[in-house]
2 protein chains.
Amino acid sequence: MAPRVTIIDIARAAGVSKSTVSIVLTGSGRVSPETADAVRAAMRDLGYVYNRGAANLRNPKSHVVGMVINDLSNPFFAELAIGIERVLRTSGYIPFMANTAESLLRQSEVVRSMREHGASGIILCPTADSTGREINELAELGMPIVLAIRRVAGARVSLVASDNRAGSAAAARHLLALGHRRIGYVGGMARMAVRQDRIAGFSEALAAASVAIDPTRMIECAPTKDAGFVAMSALLAQPNRPTAVMCFNDVVAIGAMLAITRHGLTPGVDIAVVGFDDTSEARHASPALTTVSVGAGDLGERAGQMLLRQISGAATGPETHIGEARLVVRESCGAPAQSRDVA
Amino acid sequence: MAPRVTIIDIARAAGVSKSTVSIVLTGSGRVSPETADAVRAAMRDLGYVYNRGAANLRNPKSHVVGMVINDLSNPFFAELAIGIERVLRTSGYIPFMANTAESLLRQSEVVRSMREHGASGIILCPTADSTGREINELAELGMPIVLAIRRVAGARVSLVASDNRAGSAAAARHLLALGHRRIGYVGGMARMAVRQDRIAGFSEALAAASVAIDPTRMIECAPTKDAGFVAMSALLAQPNRPTAVMCFNDVVAIGAMLAITRHGLTPGVDIAVVGFDDTSEARHASPALTTVSVGAGDLGERAGQMLLRQISGAATGPETHIGEARLVVRESCGAPAQSRDVA
DNA sequence: TCGAAAACATGAAGCGATTTAATTAGTGCT
DNA sequence: AGCACTAATTAAATCGCTTCATGTTTTCGA
């Protein structure tokens, strides 16, 4: 292990003081072009690696921000993360990402670690079991923070999310218009605010059509494909099964469609299925999934911008952006198979 | 912005010296239980945040490792990343992830940033245009590094990848056995070693069956769904179009199937399609995609373990793990639609 | 030719932690 | 009581870098 090269080594090699090297490094202050070149040459020759930790010690403004994603295996969150990265990076920030896999413990670890490393802000897609208390604690300690996608009850911080209520209501109205009356809801955990919002929209639409909700057709499950499969299978085992299901999100919907197929039925023909998110998987599923598009990448960019505003101090308090949710009708509700919106 | 709380504040609050606080923090040395409790209480009360940068200054061993992913929107890499994380995290390391979106510039930035932050190792899924020189430079400077998935010509570092040659050969033999003779290859850039390996297997199988390769049916394109769509469209516009195509990976294959559908043909009936990777999207595509399974999560875990060995010094030199590649036959090659392997 | 203002360069202090050697207090034994 | 030892605690040096006040030159108008 070669001993670390420091600015002192560079200074010696370039025949200047370490102050001068530092000025070249940071671009603060004036330095003659020749000197600067000599310093840069020395850095190249010696294989110098800047020590950000040491720098931040003296000058505690870092350009690192953290992105904490709850489920990277869900393409929706992957797209969101990419949108966030796009914005932050073009603004000169280095976004570091971590996946919590829906574990609150991991989330705390990761957030702590990011704070310890001097992140100047965090974008958090909270785990399903996050509470407002934890999040407020963070914010109160002066860490700029933006919640993405998942509202958390009681959290008084900035939020970027989609209009879950309106989106779900639109999807439910679509199913009602197609004549469905026995409609189930699959996925999400009851404690998740997002699920509450989506179910509120669902209920609202059903109530407006004077259709009663049967609580036995509301199945909770984790927002994953496998859990969706299991939950849908349970629903299918019930007597008097629904003719349509709304799913918490696309991955649950895809799991549900799989279960329907396994049960010897055809999604879109025997049972209508609607998802939420409009991931690329939804477009390419079989049948193509009717879903609610929220623009994952755009939401990510919004979240990035919002965080930058928080960090720069331009934001006076917590902001909220609720993105539009648009129903995208494809084949999984009985639309003709020649597809209206495949790309 | 509250002034930062340091161990000096903790020391004062707990009525001890900062050395004692440090000992409590690191667990080095002996300290009486009462003192330790007092210190911990003070940390809690004051909202202390450990400053890793300062600590690493004096004691330069960090538990941070970097994962650099070339395309997070490809579910294959997402699964890989999750596998890596699983291993590293259970070994007490904090993996920070960054997405390069196939940009070599971003890759250099990200790698540099990780070095500057004192990462003790890096797992790199290199961009398509990475060269051995850059990677060797990193390694020679003493940074433990493991290349994942993508071999880079000339790089003398550890590697975890799949048996691209054998996997492609098996897929090609499958197409040949189904009677196909005009077989195209879609996707990947010619400069990518992975593509070369996969095409080697493809060529080998065709040669063994005395089937000639038509270079006009070998279409390069970026490994994305959109590029696959465009490339396949070009192939379909040719006279005497192929009856089967092997694709560089699953996302290209899904794009290709979409192009086939758009062209008024049916993938799996009019044109056989094979992918590579076996992502979950392949299983749920329509028709379900015949592909080569490489076990993304497992490869990720291997890569994580290999990096840990490099960091601990247990590895004497660069290691290589080539994971098995297994053909998974589904419907996109003409198998009956009632599916053999859907889950 | 002189003095003021620019333009560069540097020495020393300090950021928040770790670490080593030194100090203090406590214990058992003769 | 005196001595040897151990356990608990601490002072001081140090890690790599930034910053500010303080030189040291240069430049240039009058």
Side-chain angles (χ1 to χ4, degrees), chain A residues 1-40 42-43 46-64 112-113 115-120 141, chain B residues 1-40 42-43 46-64 112-113 115-120 141:
Chain A
M1 201 69 69
R4 283 187 300 184
V5 177
T6 76
I7 56 169
I8 299 195
D9 302 310
I10 303 300
R12 202 173 355 250
V16 297
S17 76
K18 65 181 180 145
S19 310
T20 303
V21 176
S22 174
I23 291 170
V24 172
L25 238 23
T26 58
S28 64
R30 270 141 296 277
V31 98
S32 77
E34 308 87 67
T35 312
D37 284 344
V39 168
R40 273 189 282 266
M43 297 198 296
L46 302 190
Y48 172 71
V49 178
Y50 188 69
N51 185 329
R52 256 197 220 259
N56 287 348
L57 200 48
R58 196 68 170 86
N59 173 13
K61 63 191 78 145
S62 94
H63 271 188
V64 172
R112 184 161 53 79
S113 185
R115 291 220 290 156
E116 291 180 356
H117 282 94
S120 41
L141 259 35
Chain B
M1 201 68 71
R4 283 187 298 186
V5 177
T6 76
I7 56 168
I8 299 195
D9 302 309
I10 304 300
R12 203 176 350 251
V16 298
S17 76
K18 65 181 180 142
S19 311
T20 303
V21 176
S22 174
I23 291 171
V24 172
L25 238 23
T26 59
S28 64
R30 269 142 296 277
V31 99
S32 77
E34 309 88 67
T35 312
D37 284 345
V39 168
R40 274 188 282 267
M43 296 197 297
L46 302 190
Y48 172 70
V49 178
Y50 187 70
N51 186 331
R52 255 201 219 255
N56 287 348
L57 201 48
R58 193 67 169 86
N59 174 13
K61 64 191 77 144
S62 95
H63 270 187
V64 172
R112 183 161 53 80
S113 185
R115 292 221 289 157
E116 291 180 357
H117 282 95
S120 42
L141 259 34

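Throughout, a chain's letter reflects where its sequence line sits, starting with A, and its residues are numbered from 1. If you're wondering where the values come from, they're calculated on a predicted model, not measured in any experiment.
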Checklist entry - Is any side-chain heavy atom of B:I7 closer than 4.5 Å to a side-chain heavy atom of B:M43? => result no

Checklist entry - Rounded to whole angstrom units, what separation is found between the NE2 atom of B:H117 and the C1' atom of D:dC17? => result 14 Å

Checklist entry - Residues from residues 15-25 of chain A sitting under 4.0 Å of DNA chain D, heavy atoms only? => result A:K18, A:S19, A:S22

Checklist entry - So do the side chains of A:R112 and B:V49 get within less than 4.5 Å of each other, counting heavy atoms only? => result no

Checklist entry - B:I7 CD1 to D:dT10 C1': how many Å, rounded? => result 12 Å

Next on the checklist: Without decimals, in angstroms, what is the distance between A:I10 CD1 and D:dT18 C1'?
Outcome noted: 16 Å

Item to check | Rounded distance in Å - CG (A:N56) to C1' (D:dC17) | outcome: 10 Å

Next on the checklist: Quick one, B:R40 and B:V24 - any side-chain contact, counting heavy atoms below 4.5 Å?
Outcome noted: yes

Next on the checklist: Quick check: do B:I10 and B:V39 have side-chain heavy atoms less than 4.5 Å from each other?
Outcome noted: yes

Checklist entry - Can you tell if the side chain of B:T6 reaches within under 4.5 Å of the side chain of B:K18, non-hydrogen atoms only? => result no

Checklist entry - Roughly, in whole Å, what's the span from CZ in B:R52 to C1' in D:dC15? => result 17 Å

Checklist entry - To the nearest angstrom, how far is A:D9 atom CG from D:dC15 atom C1'? => result 13 Å

Checklist entry - A:N51 CG to D:dG16 P: how many Å, rounded? => result 8 Å

Item to check | Sequence-distant partners of B:S22, side chain to side chain donor-acceptor pair (under 3.5 Å), two or more places apart | outcome: none

Under 3.5 Å, which protein N or O atoms sit close to an N or O of nucleotides 6-8 of chain D? Give each pair with its distance.
none

Checklist outcome for this item: A:R4 atom CZ is separated from D:dC15 atom P, nearest whole Å, by 10 Å

Please tabulate, for side-chain N and O atoms in residues 55-64 of chain B, each donor-acceptor pair with protein atoms closer than 3.5 Å (sequence neighbours left out).
| from | atom 1 | to | atom 2 | distance (Å) |
| --- | --- | --- | --- | --- |
| B:S62 | OG | B:V64 | N | 3.1 |
| B:S62 | OG | B:G118 | O | 2.7 |
| B:H63 | ND1 | B:G92 | O | 3.4 |

Checklist entry - How long is the span from the CG atom in B:L25 to the OG1 atom in B:T20, to the nearest 0.5 Å? => result 11.5 Å

Checklist entry - Earliest and latest nucleotide of DNA chain C, 5' to 3', sitting under 4.0 Å from a non-hydrogen atom of chain B? => result C:dC15 to C:dT19

Next on the checklist: As an exercise, state the distance from CG of B:N51 to CZ of B:R4, rounded to the nearest 0.5 Å.
Outcome noted: 6.0 Å

Checklist outcome for this item: Between A:V31 and A:A36, the two heavy atoms sitting closest are CG1-CB, 3.6 Å

Item to check | Straight-line distance of B:I23 CD1 to B:S17 OG, nearest 0.5 Å | outcome: 7.0 Å

Checklist entry - Between the two end axes of the helix from C:dT1-D:dA30 to C:dT30-D:dA1, each built from 5 base pairs, what angle do you get to the nearest 10°? => result 40°

